[in-house]
4 protein chains.
Amino acid sequence: MQQKGRRSRAAVPALAGNARMARQAERRGAILAAALEEFAASGFAATRLDDVARRAGVAKGTIYLYFNDKEHLFQELVRAELSPIVGAVATPQMAQLPPQAIAEIIADIFVREIFGTRRKDVIRLVITEGARFPKLAEFYYHEVIERVMTALRPILTRAVERGELPNDALARFPQLLVAPALVALVWNSMFDRFAPLDVRDLMRAHLDLLFGERTSSGKSARNSPRNSL
Amino acid sequence: MQQKGRRSRAAVPALAGNARMARQAERRGAILAAALEEFAASGFAATRLDDVARRAGVAKGTIYLYFNDKEHLFQELVRAELSPIVGAVATPQMAQLPPQAIAEIIADIFVREIFGTRRKDVIRLVITEGARFPKLAEFYYHEVIERVMTALRPILTRAVERGELPNDALARFPQLLVAPALVALVWNSMFDRFAPLDVRDLMRAHLDLLFGERTSSGKSARNSPRNSL
Amino acid sequence: MQQKGRRSRAAVPALAGNARMARQAERRGAILAAALEEFAASGFAATRLDDVARRAGVAKGTIYLYFNDKEHLFQELVRAELSPIVGAVATPQMAQLPPQAIAEIIADIFVREIFGTRRKDVIRLVITEGARFPKLAEFYYHEVIERVMTALRPILTRAVERGELPNDALARFPQLLVAPALVALVWNSMFDRFAPLDVRDLMRAHLDLLFGERTSSGKSARNSPRNSL
Amino acid sequence: MQQKGRRSRAAVPALAGNARMARQAERRGAILAAALEEFAASGFAATRLDDVARRAGVAKGTIYLYFNDKEHLFQELVRAELSPIVGAVATPQMAQLPPQAIAEIIADIFVREIFGTRRKDVIRLVITEGARFPKLAEFYYHEVIERVMTALRPILTRAVERGELPNDALARFPQLLVAPALVALVWNSMFDRFAPLDVRDLMRAHLDLLFGERTSSGKSARNSPRNSL
DNA sequence: TATGAATGAGGATTCATTCAT
DNA sequence: GATGAATGAATCCTCATTCAT
């Protein structure tokens, strides 16, 4: 009935020395890494904290020293993994480049910084669990989507005005620039065993589609000086 | 997911009369419809058969008369909803049309037959749960993806050969044709409350991007005789 | 994060037949009886529903078919046991009797209906857990205390006016009439092994104290025609 | 309650200097004070040593330097708080006074030394947890109950012989002398919010009941020279 | 067939106690 | 002595599945 107001556990325990601090960060990291693996493999609901603890090499109770509960663990996981990357896409220098160069940079970042790392799994988790975690969707929208969109739109709009783009489709829907990345993420987790998809090639083809390249045909394109994907 | 020794039960109870048969189909349908709502709202793991039963207006045990277990219910659900649509995309007549017309038809089908119906939720479920349900992914791959790809690839390849397409990107990666549809599905379930996305416009812009349309700007495009989306 | 509104479980499952109904009542009763024993023996916090289930001869989950949770089980237990007795003390007929007769009746009820039954444990539970269960205290106050007080006060006040009582102490504090009952309950659960206390004698002595009886000395008093305790 | 093999630890850590000794006593006191507050608020089982430590301003582990475990802490708490008071009631001088004076002194002690202090909470804890802590009940019985009874009985018996009391009820059941105090303790913790109870008035009324006072009526009685409660 | 009460394995969370620093 | 991070046993509660009616 009446509960003593459960004081929210410190997200990070108070530290004393410095070795302590390092140890703490290490443990927290281990838990997050283990959680990522488990959540990615089983989804939020089906993941057992028992397994996370085992994989992280800590006791079940230890998780609760670092995270309030399963849900907080999940959300912090997404935050921790995604926060760093946000800045990369939205650098002011990009504004100076032609749209094609920007598209190539974005594709490159996706391939190397997301698809090539465990961030791939984090974003997949956002996609698969986002609808059930409004806060997560909100965080992702404001921290990632909105920022990227805000950075891209004026650049693309200007490109349209300068005649660097055939029409305003991209300026109105910057999402179209990254749609193939989404396809890659989903395909990779579901259909790769039936028909492996080379993300690099997919992204390159996407760029060809948007920015002309009249030739291309798989391997040969790799020699093209145009992109370094 | 993990199955214990479960003796397989008849998927459909034995029938006698004809009214009985109708009643059976009706019940089965009610359960599937209820299941779709619940699974779509909560995901596979978090959905309670109790809720499905209540929504379907049957007793919990009745579900087990029509489906072996929760997992079978889920998979049959996807099968039942998606089987009908598969044929539509892969009609032989389409082979005769120019790629732009085909793309428009596909976009149109997506907007009207998927996004405008509860199939939207089914496909979303495939996306969010597919990685955890190999059988589901397999079914979806063979029944939907593969068929569509098989139908599209030769058409697009021929179009490339005829010079109707600027390069072979689409022929190599027909996925690029439907990538925006995936974006729409995901966006709609997660970010619509922050920034609603008009699927029709998105698909139209996508077509503009692929097939030229040098002008366009939202509403005005709607009068364009090109597409009927 | 977001929880599907947990619909409160039916306190009593819907019934169909009549044997069902009987069976239900029986089970519910068995659980309540088992719960009383366990709660009485260990207190609310230290009681395990596992033990309650075992003692009641049902599965753990079954408890939740009849009660929302541990707390509801506890409260319903008190309600179920106490509700019947309330009426007994506050009968209108009592208003006609002289205060001494009333006191004797109350003492008698206490000895036979409470102390001699498992209601003794229920009231003890109210005493030991009441402070931690405001709702329980409230229920007990309104259903028992208040009713008894409301019934007694006017009677005692009138008795004072009629000169049947030496002063208004009892009228102002009817609690003094039942104080020894409280002593008996507490003593019985804690000190009986050191010095057993005969409740009957205690109550009789209490009455002697209040209403004169100039002699008395344990056993002999039992022959007194005055009370039938 | 149930103990596992626990090697008994020094109840008080070894001391060296004198400041150290003071510091120790201070800490021990702080822990006991904190424990009292927490136990009083939540009961034994629901109290967390974490909260006790926080309130005492020490680390959780520190509690274990001063007390073997939660149970010992609880018992020492009761001991520490009650030991001082025991002597007060059982002074030899009292033997000379008339029963009414003694009753008044006892009532006075209760109101001022128990009800007006945190000892109220300690006794309440004995009442609510005693049944679950045989050792505690035993301690309380021997250190408090028995002593008081031993001191009172001969006095009351003599008073009966001298005809200072109308009958031997009180001599046989000295508990009747303190029953209202128990009522006050219980009422205060459970029903005060519904109907506040003035302990002083209650005790006074009780004395009136026992020793005659033919008039009285609330406030006015306070001017009565008879008692100084 | 249909029901829904009953089951019990499963999993999140808590907290007394330990022990390395 | 003190600390507080770590442990893991303990326990509440859920829900897929079964089965007597």
Between [atom2] on [N] and [atom1] on [X], what's the gap in Å once rounded to a whole number?
X	N	atom1	atom2	result
C:D50	F:dC13	CG	C1'	11 Å
D:K70	E:dC15	NZ	P	9 Å
A:R54	E:dA12	CZ	P	12 Å
C:L73	F:dC12	CG	P	11 Å
A:F67	E:dT14	CZ	P	15 Å
D:I63	E:dA16	CD1	C1'	10 Å
B:E38	F:dA16	CD	P	11 Å
C:Q24	F:dT21	CD	C1'	13 Å

**Report entry** A:A53: side chain to side chain contact (heavy atoms under 4.5 Å, CB included) partners, not counting sequence neighbours
**Finding:**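 Checked A:A53 against side chain to side chain contact (heavy atoms under 4.5 Å, CB included); matches are A:V58, A:I63.
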Query raised in the report: With B:R79, which residues qualify under side chain to side chain contact (heavy atoms under 4.5 Å, CB included), at least two apart?
Result: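 If we apply the side chain to side chain contact (heavy atoms under 4.5 Å, CB included) test to B:R79, skipping adjacent residues, the hits are B:Q75, B:F139.
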Report task. Apply salt bridge (charged side-chain N to carboxylate O under 4.0 Å, His left out) to B:K70 and list each qualifying residue two or more places apart in sequence or on a separate chain. Result ->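 With sequence neighbours excluded, B:K70 shows a salt bridge (charged side-chain N to carboxylate O under 4.0 Å, His left out) to no residue whatsoever.
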Requested in this report: Using the test salt bridge (charged side-chain N to carboxylate O under 4.0 Å, His left out), find all partners of B:R124 that sit at least two apart in sequence or belong to another chain.
Outcome: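 Once residues adjacent in sequence are excluded, the partners of B:R124 under the salt bridge (charged side-chain N to carboxylate O under 4.0 Å, His left out) criterion are B:D121.
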**Report entry** Sequence-distant partners of C:F44, ring pair (Phe, Tyr, Trp, His ring centres under 6.0 Å), two or more places apart
**Finding:**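 Partners of C:F44 by the ring pair (Phe, Tyr, Trp, His ring centres under 6.0 Å) criterion, ordered by chain and then number, come out as C:F39, C:F74, C:F133.
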Of all the choices, [options], which nucleotide is nearest to the side chain of [X] once you look at every atom?
X	options	result
D:A59	F:dG4, F:dC12, E:dA5	F:dG4
D:L49	E:dT17, F:dT7, F:dC12	E:dT17
D:R27	F:dC15, F:dT3, F:dC12	F:dT3
D:Y64	E:dA16, F:dT3, E:dA6	E:dA16

Report task. By nearest nucleotide on DNA chain E, pick out whichever of C:T62 and B:G57 is the more 5' one. Result ->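 First, find each residue's nearest nucleotide; the 5'-ward one identifies B:G57.
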Report task. Assign each of C:R23 and A:F44 to its nearest nucleotide of DNA chain E by heavy atoms, then name whichever residue's nucleotide is nearer the 5' end. Result ->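 Its nucleotide being nearer the 5' end, the pick is C:R23.
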Query raised in the report: Is any NZ, NE, NH1 or NH2 atom of the basic residue among A:E76 and A:R28 found under 4.0 Å from an Asp or Glu carboxylate oxygen of the other?
Result: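 A:R28 and A:E76: salt-bridged.
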Query raised in the report: C:K60 near the nucleic acid: base, sugar-phosphate alone, or nothing, with a heavy-atom cut-off under 4.0 Å?
Result: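 Counting heavy atoms under 4.0 Å across all strands, the contact made by C:K60 includes a base.
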Requested in this report: Taking all heavy atoms of A:L77 and all of A:A35, pick out the closest pair and write down the distance.
Outcome: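 That closest heavy-atom pairing would be CD2-C, 4.2 Å.
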Requested in this report: Could you summarise the pairing of DNA chain E as dot-bracket text, marking Watson-Crick and G-U pairs under 3.5 Å with ( ) or [ ] inside the strand and | across strands?
Outcome: .||||||||||||||||||||
Query raised in the report: On DNA chain F, nearest-nucleotide positions of C:G61 versus D:G61: which is more 5'?
Result: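 Looking at DNA chain F, the more 5' nearest nucleotide goes with D:G61.
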